[in-house]
2 protein chains.
Amino acid sequence: MKRNSRLSLALHTLSHMAFDTEDAQTSADIADHAGTNPVVVRRVLGKLRSAGLLLSERGHSGGWRLARETKHITLADVYDALGESFVAPRGQTDARTCSVAQSLEVQVSQIMKDIEESLVERLSRTTIADIQNSTKREPSHAH
Amino acid sequence: MKRNSRLSLALHTLSHMAFDTEDAQTSADIADHAGTNPVVVRRVLGKLRSAGLLLSERGHSGGWRLARETKHITLADVYDALGESFVAPRGQTDARTCSVAQSLEVQVSQIMKDIEESLVERLSRTTIADIQNSTKREPSHAH
DNA sequence: GACACCCGTAACTGCTATTGTTACAATAAG
DNA sequence: CTTATTGTAACAATAGCAGTTACGGGTGTC
């Protein structure tokens, strides 16, 4: 795996978990299924749990399960849960250079915030359930 | 500077160059102004030049100037010029694990492509000129 | 109680992307 | 010829991230 794999892994896992909402799935199973490591899975899913999208249970026959139906989990929920920030740089904002630069800096970051907001709005329009349904609705998507 | 600074630097520079469209600006000036390095500037602006957004001249009294008006340069132009890909991972796509995983992988990446497309569409609606005007239109943006 | 199972986390490694920096050839103006 | 400036290559330093090992803390089964 490479870049942006957290979001990819999260979506992948959520979609897959919807196939079997009864049994809790272990991080080992999920990792095996997604071609990664159990710890990586726990790291990512832990954020989803903090955001209330998943539930986890420790101990024997523990594991992960959905906290609510996939049609009530939007991509924006996942995005927010992961704390990603695609367009706007996270942190910094140097306060040096000339005043023109500072003013521009403010304007540029404001624009980036706006763009990010639009992105989230777009993400909120797609649910995990939509991902599962996408092939059913459009069997041959490519060309 | 830290992450995603290329887009930030590009927008910053383009906006700033619009204030003085007559004189060519050197990468040293731009770098000084933006708080970075001339080579970094040339790397980023070079991509904008390849995309036809900027013109550069070598030699004495050379430098950089806008190839067209800022109101005809959209953020999508810049984004495309930089070859960035915020949501969709660039490259890879492992072909292992189970078939369910593969199918999901396809669906997830299709969704990400759609999201990216929406993002670009949104970016195409804002021009560099809009950035400059943003403070004039909304003097006190925050609170 | 002993044991097996599973999450939660810390710590460390290795890889990759990115920025910063130096150096130098190529080009253009005076 | 000298000076200014881009275009690149090469390299170092840094940061983020996936992968891995290790272990503590719960929780069910026997």
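Just so you know, these numbers use all the heavy atoms, side chains as well, and skip hydrogens, waters and symmetry mates. A note on names: the letters A, B, ... follow the listed sequences, proteins ahead of strands, and every chain is numbered from 1. Note that the coordinates shown come from a computational prediction; the quantities given were computed from them, not determined experimentally.
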Quiz item: To the nearest angstrom, how far is B/Asp23 atom CG from D/dT5 atom C1'?
Solution: 15 Å

Practice problem: Mind checking side chain to side chain contact (heavy atoms under 4.5 Å, CB included) for A/Asp20 and listing every partner two or more places apart, or none if nothing turns up? | Solution: A/Glu22, A/Asp23, A/Gln25

Self-check item: Contact letters for nucleotides 1-9 of chain C, in which S counts primed atoms plus P, OP1 and OP2 and B counts the base, heavy atoms under 4.0 Å
Solution: ----BBBBB

Practice problem: Quickly, which of B/Thr13, B/Asn133, B/Leu14 forms a side chain to side chain contact (heavy atoms under 4.5 Å, CB included) with B/Ile128? Name it, please. | Solution: B/Leu14

Quiz prompt | Atom-to-atom span, CG of A/Leu45 to P of D/dA18 - whole angstrom | solution = 13 Å

Quiz item: So, is A/Arg6 near the phosphate of D/dG16, with a side-chain N or O under 4.0 Å from OP1 or OP2?
Solution: no

Quiz prompt | salt_bridge(B/Glu117, B/Lys113) N-O dist < 4.0 Å | solution = no

Self-check item: Separation between OG of B/Ser8 and CG of A/Leu104, rounded to the nearest 0.5 Å
Solution: 10.0 Å

Quiz item: Within this structure, what is the CD-to-C1' distance between B/Glu84 and C/dT19, rounded to whole angstrom?
Solution: 13 Å

Exercise. Please check the phosphate of D/dA18 (OP1 and OP2 only) for any side-chain N or O of A/Asn37 closer than 4.0 Å.
Key: no

Practice problem: Output all residues satisfying side chain to side chain contact (heavy atoms under 4.5 Å, CB included) with A/Arg43, sequence neighbours left out; order by chain, then residue number. | Solution: A/Val39, A/Val40

Sequence neighbours excluded and cut-off under 3.5 Å, please list the side-chain donor-acceptor pairs for residues 48-64 of chain B, or say none.
| residue | atom | partner | partner atom | Å |
| --- | --- | --- | --- | --- |
| B/Arg49 | NE | B/Ser56 | OG | 3.2 |
| B/Ser50 | OG | B/Gly46 | O | 3.0 |

Self-check item: Under 3.5 Å side-chain donor-acceptor pair for B/Gln107 and B/Ser103
Solution: yes

Exercise. State, to the nearest 10°, the angle formed by the axis through the first five base pairs of the helix from C/dG1-D/dC30 to C/dG30-D/dC1 and the axis through its last five.
Key: 10°

Side-chain polar contacts of residues 67-79 of chain B - donor-acceptor pairs under 3.5 angstrom, sequence neighbours left out - could you list them?
| residue | atom | partner | partner atom | Å |
| --- | --- | --- | --- | --- |
| B/Arg68 | NE | B/His72 | O | 2.8 |
| B/Arg68 | NH2 | B/His72 | O | 3.4 |
| B/Arg68 | NH2 | B/Asp77 | OD2 | 3.2 |
| B/Thr74 | OG1 | B/Ala76 | N | 3.3 |
| B/Thr74 | OG1 | B/Asp77 | N | 3.1 |
| B/Thr74 | OG1 | B/Asp77 | OD2 | 3.2 |
| B/Asp77 | OD2 | B/Thr74 | N | 2.9 |
| B/Tyr79 | OH | B/Phe86 | N | 3.1 |
| B/Tyr79 | OH | B/Glu116 | OE2 | 2.2 |

